[in-house]
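Working notes, beginning with the structure itself.
Proteins get letters first, then strands, A, B, ... in listed order; numbering begins at 1 in each. Remember, it's a predicted structure, so these values are computed and weren't measured experimentally.
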Amino acid sequence: MTGYDHKSIEAKWSKKWADSKIFQTDLKSTKKPFYNLMMFPYPSAEGLHIGHVFSFGGPDVYGHYLLRRGYDVFEPMGFDSFGIHSENYAIKKNTHPMKLINDTVKYFRDEQFKRLGTIIDWEHEVVTSDPKYYQWTQWLFLQLYEAGLAYRKEAPAQWCPSCLTVLANEQVISGKCERCGSEVTTKTLPQWFLKITDYAERLLKNLDWIDWSESTKTMQRNWIGKSEGAEVAFETGSGEGVTVFTTRPDTLWGATFLVLSPEHSLVSKLTSSSQKAVVNTYVSEASKKTEIERVSTDKEKTGVFSGSYAINPVNKSKIPIWIADYVLTGYGTGAIMAVPAHDVRDYAFAKKFDLPITAVISGGDISKEAYTGEGKLQNSGEFDGTDSNLAVTKVTKWLEDQGFGKAKVTFHLRDWLISRQRYWGPPIPMIYCEKCGTVPVPEKDLPVLLPNLENFKPTGTGKSPLASDPEFVNVACPKCGSPAHRETDVSDTFLDSSWYFLRYPSTGCEDKPFDQEMTKKWLPIDFYSGGNEHAVLHLMYTRFITMVLHDRGLIDFEEPFKKFRARGMIVLGGAKMSKSRGNVVNPNDYFDRTGADALKMAMLFMVPFEQGGEFNENGVGGVVRFLNRVVKLVESAKERPETEQELTLKNKTIKRVTSDIEAMTFNTAIATLMEYANGLSEAPQASKSAARTLVSLLAPFASHLAEELWQSLGEGFSVHTSPWPTLEEKYLISKDELIVVQVSGKLRDRLSVPTGSSEEEVTRLALARPKVSSYTKDSQLSKTIFVPGRLINFVLKK
RNA sequence: GCCGAGGUGGUGGAAUGGCAGACACGUUGGACUUAAAAUCCAAUGACCGUAAGGUCGUGCGGGUUCGACCCCCGCUCUCGGCACCA
């Protein structure tokens, strides 16, 4: 395919841009700061694939656009280089991650990123595995510890048998490891947790006002999973009370047995001697099951009788206590009151073990199935006849008065488990001393350097490879000086990325994680974009960390990202691109064959940015053809006044492209540019003025080519000499007879407007007009003008 | 099961309640060429018709409206998230 010489043009301009530092923002002197952030990648084996061109290209177009609107745009980039992804790749390559990471970062940055034509400011690069960075990740951990938000607990945790480490709740998807897809099992180890649950209510509440993609907010809301109900205490014969959580206190009179999870702390105490053997067997078997086996809904319920009984406080009936793994340890109190008549799970359990079922809500037929709908209470003492939906609050209040229980809010969100029994991460900066107990590493001793271990592979024993290095482990206690040992687990990669956006403006800072002045000036982030696969991972963690730093008085905002938009994903063969699936498309081929400009534009033209979709290389040729046509059009442009047709088209184009870029609908922005070029091509020669506008509007998308074309039309870098075009004249009504048919939806009205009226005039006339009910069937063309608060629809009559 | 987003030509996708299918891809025909590629021009939702023109068309069934891809009700399918969360 012949055409413009993309190779030399792109090489020429990326060099000139780099040499002149044109896209480096002077962070101190800026007047109109705009922090444009994209989720940074982890530099693993595959390199950037074509999906990255899409996900980085889109927000970068926005950055280019803002520059031309006069903003000082800061668009940094970095690498999330710690973590299991990178470590696993090193293992596969039989290299050491410390060596490997430099090569991969270099490849990503120099061979791939820098060819894209972005406005990324590489002077502020952040690499999370750099001690200069992770020193502050460790500092962050100490901050959390000081705030009482980091604690160590021996607890059963979700263990990935392939990654050989425990995982946070968020990193287990349908019982499988988020990273490798293995079914997780349970392992009990001492673990460090961060108390994100303390922030559950705030994390939920702020979702009401932050400007984020609705899809992301919904996922977070569901994940936080607030449910309101009551805690009720049941007495047992042994003197140990069992507290349960329920969202249906109105069904309390129908509770015919209690169920404890196998890990519940009272299991052994409440097991009678005759049941001991059975219970022990059941509990140990439950612990061996994988998460998948335990939670699969279609599996038959299992359980054993503990041998003891509890008293239902509301009707004093004696009910048996069972142990079953359909009750989860980590949710609520780990124990439930079973109301088989009105809960499908309890119903199935009661049927299987032949336990009594008592209906306490009218409606439904409990001989067939559980009735979970609404109705009137029955068999419920003084509450008989009350509507069940009203009874929830009434009974809760009554329980409080009687001292049986209290209102309680429970969240699905669990504390964030950050311990990883792996090598490639920042060591958790804690020391265990026999005399002083758990002692944090003093800030002055940071970073706790990750030792260069030859044998860094995961052990699978539940201990990190760091435990095998005596030089690392043995340390003097910072408090008393006596022999002590270090924590040997490293922290979760998501802790690294939970604060990286704070570091970018302050990368030079040696003595603190982020500079106060810079942070005030540049944060919170004006615009952030990335994938929804991080909705409950990275995006939840960053919000939590930001709130903590805010509460500690270190920053003055509590939400890190003013605006967030989730981009769609580019898939191939219906699947996410990954090396293991063998469906990775490398952009470098296209850089050589068609140029980065064409590739980036083609990707953005292919599918709506927030939706994503299937990669199809057929579209790339179309964009190349378009760019070639633009080159010809600009080359043949003539110095002459713009025609009326050119003017009208220009106004329409500027309007549309501007609003499309702001709405991240790049596909329609590009279509509009194509229409503009097509329209200008109708005349033998376009005017130079029109050509300039076209090039200016094209610049964010095909930056190298536009720069080259701009040179042929004028002087200097386009970013300085080609501001974003604005509508020079008001949107004029081109020809006579305009009729308004509709104002604000239902109202119907008609009026003629003189030729040459501006938007304002038409609007004023329309609003001043009393409404008339009439309708023209011969109305042919229409256009809409937006006036604050009202939509006015004009129909042009032929 | 629950929550969310969707269903429009051969394909990707456009359309504040107002000409459905913008813009592309593909296909077909034509021009240029010894030929091909590239490029340019034309056609391209389906059906009927030589044509002018007509009929039907946005997952299915209803409704609101002068007018519905768009709003409302009920279904259905696809994709994403959550899931024995009490």
- Test salt bridge (charged side-chain N to carboxylate O under 4.0 Å, His left out) applied to A:R221 - qualifying residues, sequence neighbours left out: A:D208
Per-pair distances, 0.1 Å, donor-acceptor, side chain in residues 598-613 of chain A, under 3.5 Å, sequence neighbours excluded:
none

- Query: Residues two or more places apart in sequence or in another chain: which of them pass side chain to side chain contact (heavy atoms under 4.5 Å, CB included) with A:L649?
  - Reply: A:T653, A:Y676
Short heteroatom pairs, N/O only, protein and nucleotides 3-11 of chain B, under 3.5 Å:
residue : atom : partner : partner atom : Å
B:C3    : O2'  : A:N222  : ND2          : 3.4

- Query: Can you tell me if the side-chain N/O atoms of A:Y331 get under 4.0 Å from OP1 or OP2 in B:A86?
  - Reply: yes
- Nearest to side-chain heavy atoms of A:N678, which nucleotide of B:A86, B:C23, B:C84: B:C23
- Item | Heavy-atom closest pair, residues A:V630 and A:A677 | CG2-CB, 4.5 Å
- Query: Under 4.0 Å between a side-chain N or O of A:R221 and OP1 or OP2 of B:C2?
  - Reply: no
- Using a strict cut-off of less than 4.0 Å between a Lys/Arg side-chain nitrogen and an Asp/Glu carboxylate oxygen, indicate whether A:E635 and A:K632 qualify as a salt bridge. no
- Among all residues two or more places apart in sequence or in another chain, which pass the ring-ring contact (aromatic ring centres under 6.0 Å, His included) test with A:W253? A:F383, A:W398
- Once you apply the 3.5 Å cut-off to both distances, tell me the Watson-Crick or G-U wobble partner of B:U34, or none. none
Distances for protein N or O near nucleotides 13-15 of chain B N or O, under 3.5 Å:
residue : atom : partner : partner atom : Å
B:G13   : O3'  : A:N667  : ND2          : 3.4
B:A14   : OP1  : A:N667  : ND2          : 3.1

- For B:C69 and B:G18, measure between their P atoms and round to the nearest Å. 10 Å
